[in-house]
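Working notes, structure below.
FYI, the numbering just counts along the sequence from 1. Ligands are counted one by one from 1 in listed order, and the atoms in each one are counted from 1 as well.
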Amino acid sequence: MTPAARQVPAARYGERLERARELGLRRRLDALLIGVGADLRYLTGYEAMPLERLTMLVLPAAGPARLIAPLLEAAPARSCAAAAAGLVEVVTWQETDDPIALAGELVAGSPVRRTGRLDAVAVSDRLAAAFVLPLQAALPGARFSLASAVLRELRMVKDADEVALLCEAAHAADRVVAAIGAGPLAGRTEAEVSREVRDRLVAEGHETASFAIVASGPNSASPHHAASERRISPGEPIVLDIGGAMGGYGSDVTRTLWVTGGDRRREPGPEFRRLYTVLRDAQAAATAAVRPGRPAEAIDAAARERIAAAGYGAAFIHRTGHGIGLEEHEDPYLVAGNHEELRTGMAFSIEPGIYLEGRFGARIEDIVVCCPDGPDLLNEGSRELLVVDG
Ligand code: ZN
Ligand code: ZN
Ligand code: ZN
């Protein structure tokens, strides 16, 4: 058994709430309205249940931060890190109350507006339309915008506690890849192997196993293939892309395996070997290109140029990577057109792939943190083609 993942210290939530307020003020926002999801967890530590009942943090530009929660969720709401530390006040509502009216009163009653007029609020991107539309009606005259304008700025750059959690998750996922790579694989179905991946992710300390892509043979050419009843045969590749969350923070690693079943005649042929070498070099080049100040799209270009030069340009059908943290996919995205400059503390995947439809494909993925002097690779498993004899 591995020890339980570390936790983000309570003081950190105070800093995050203050910074969110500051950035909100700079954007002339009267309040941030943060519903259930990663934004709420980031600011308060509260992993709230997504219900049809309203749970929402009201963070005004000045005055107390309040967490609106249904009465039946009072216990978990009050025990979240920010509430337990006295940083947010939990305000409950009963089944017969109108939580939207309550939210409206809390926003309108906050002491920020010298003008006496409510100008602008921002709602978290994941707040359901079923809440947003009534809130708009309850706050007439207020301009509504997306709170990601503030939250992405904060969440994109990871602090040391977050990097430590990402690192633990990455190492746990690496151990699962190594265990699967030890075999046996030939003769088993993708679904069986996928179940083993999920069990192992949990055994290695993940609270959830979110995905376990096992794409064998021609399925390896489909980047998000769902594990099927197909039986793995000697003489074919497997794209293994697995991940989950530890202490809320994601793991996401891909390795490409080749199954021989112990038969030397089933080793990878020259075409697959060449494809894999091109991919490995492209992934290494993209990783080496990571540096503060570089635009995100430059990392994508570093991989894409090499893959295109080898003649596989049309077979690299997705962006090079995505940010990772409390969400599996978040800012920054490593994609052409994203001029966002990389900053120290940003964490993202680097995962180019080459996919020849109907035949085979390969992908290599690591989680990388941008450091002052270059990339810090959180995943440590070998990036060479993993040849499995069993
Ligand atoms: Zn993906
Ligand atoms: Zn992945
Ligand atoms: Zn990924």
Side-chain angles (χ1 to χ4, degrees), residues 38 155-156 158 162-163 165-178 180-181 190 193-194 196-198 200-201 204 206 208-216 219-227 237-246 248-257 276 279-280 282-284 286-287 290 296-297 299-300 302-304 307 316-336 338 342 346-355 361-370 375-383 386:
R155 285 178 46 199
M156 249 189 323
K158 271 68 185 177
E162 294 181 286
V163 171
L165 286 165
L166 285 168
C167 201
E168 275 188 45
H171 292 170
D174 285 346
R175 290 192 292 272
V176 176
V177 171
I180 298 295
E190 293 176 346
V193 177
S194 183
E196 184 185 341
V197 167
R198 287 175 185 277
R200 285 187 180 275
L201 282 170
E204 288 288 354
H206 283 69
T208 52
S210 317
F211 54 94
I213 296 174
V214 179
S216 66
N219 293 340
S220 58
S222 173
H224 280 169
H225 172 71
I238 300 176
V239 171
L240 187 67
D241 184 351
I242 68 170
M246 253 173 104
Y249 283 77
S251 63
D252 188 0
V253 62
T254 307
R255 289 297 182 261
T256 300
L257 286 53
Y276 191 85
L279 178 66
R280 185 202 59 195
Q283 203 255 359
T287 304
V290 169
E297 66 176 357
I299 312 308
D300 180 80
R304 205 164 297 278
I307 289 171
F316 178 16
I317 53 176
H318 55 71
R319 65 191 175 211
T320 291
H322 53 83
I324 187 166
L326 285 170
E327 287 180 290
E328 286 160 18
H329 290 180
E330 58 181 47
D331 287 310
Y333 293 97
L334 307 185
V335 61
N338 186 2
L342 298 185
M346 283 184 175
F348 41 80
S349 71
I350 294 187
E351 52 175 310
I354 300 175
Y355 311 97
R363 177 163 69 256
I364 306 170
E365 173 178 28
D366 290 310
I367 302 303
V368 171
V369 176
C370 181
D376 179 15
L377 273 90
L378 302 190
N379 294 101
E380 294 177 330
S382 166
R383 287 152 204 100
L386 220 72

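- Atom OE2 is the N/O/S atom of Glu365 found closest to the Zn ion (ligand 3).
- Cation-pi check for Arg304 over Phe316 is met; the charged atom lies under 6.0 angstrom from the ring centroid and within 45 degrees of its normal.
- Counting just the N/O/S atoms of Asp252, the one with the shortest distance to the Zn ion (ligand 3) is named OD2.
- Nearest to the Zn ion (ligand 3), among the N, O or S atoms that Glu351 has, is OE2.
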After noting the C-alpha distance and the side-chain angles of Asp241 and Arg255, does the key distance pass the salt bridge (charged side-chain N to carboxylate O under 4.0 Å, His left out) rule? CA-CA 7 Å; Asp241 184 351; Arg255 289 297 182 261; over 6 Å; no

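- Between the side chains of Glu328 and Ser210, at least one donor-acceptor pair of N or O atoms lies under 3.5 Å.
- Taking the Zn ion (ligand 2) as reference, Asp241 places its N/O/S atom OD1 nearest.
- Look at His329 and the Zn ion (ligand 3): no N/O/S atom of the residue is under 2.8 Å from the metal.
- Here the options are Val253, Leu386, Val214, the test is side chain to side chain contact (heavy atoms under 4.5 Å, CB included), and the partner is Leu240; only Val214 passes.
- Using a 3.5 Å distance cut-off with no hydrogens or angles, the side chains of His225 and Glu190 do pair a donor with an acceptor.
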